[in-house]
Student: 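This is the structure I have questions about; it appears just below.
Residues: numbered from 1 along the sequence shown.
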Amino acid sequence: MYLKILILWPCVVLNVAASKFRAAPQGSVKYSEEVQALALAMLCCMAALLGLILAVVIVCFLLDRALSWKHQATYYACRRQVQKVQEEALMKGKDLSLCPC
């Protein structure tokens, strides 16, 4: 739900801003088309910047998770090897051959 809000938020902001420019009362200051286009372009740039920041945060999160999973896999593989060596060392009456050659 939060992701949907974050994706739709820039569109909602742009629609509200554009409707305020279009719905200006007749007695107030009239905005020229250039000012409206400039304001809309600025809003689009801000929305694009927010989208870019959100994308970078998501990519960093996914990269962090992938590195965490890799670290856990390496840790548990090393742990199994150490336990195997310890079991071999603790067995009595068996030749201690740690070298696989």
Student: Got Leu50 and Leu54 here, is their nearest side-chain heavy-atom distance under 4.5 Å?
Tutor: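 A side-chain contact is absent here, since even the closest heavy-atom pair is not under 4.5 Å.
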Student: For Val82, run the side-chain contact (heavy atoms from CB on, under 4.5 Å) check against Gln86, Arg80, Lys84 and tell me which one passes.
Tutor: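 Per the side-chain contact (heavy atoms from CB on, under 4.5 Å) rule, the option paired with Val82 is Gln86, out of Gln86, Arg80, Lys84.
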Student: Would you check if Cys78 and Thr74 make a side-chain contact, meaning some heavy-atom pair closer than 4.5 Å?
Tutor: no
Student: Hey, what else clusters with Val59 if you join Ile, Leu, Val, Met, Phe, Trp, Tyr whenever side-chain heavy atoms sit under 4.5 Å?
Tutor: none
Student: What distance separates Leu63 CG from Ser68 OG, expressed to the nearest 0.5 Å?
Tutor: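 One gets 11.0 Å once the value is rounded to the nearest 0.5 Å.
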Student: With a cutoff of under 4.5 Å between side-chain heavy atoms, which Ile, Leu, Val, Met, Phe, Trp and Tyr residues group with Tyr76?
Tutor: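 In the cluster with Tyr76 are Tyr75.
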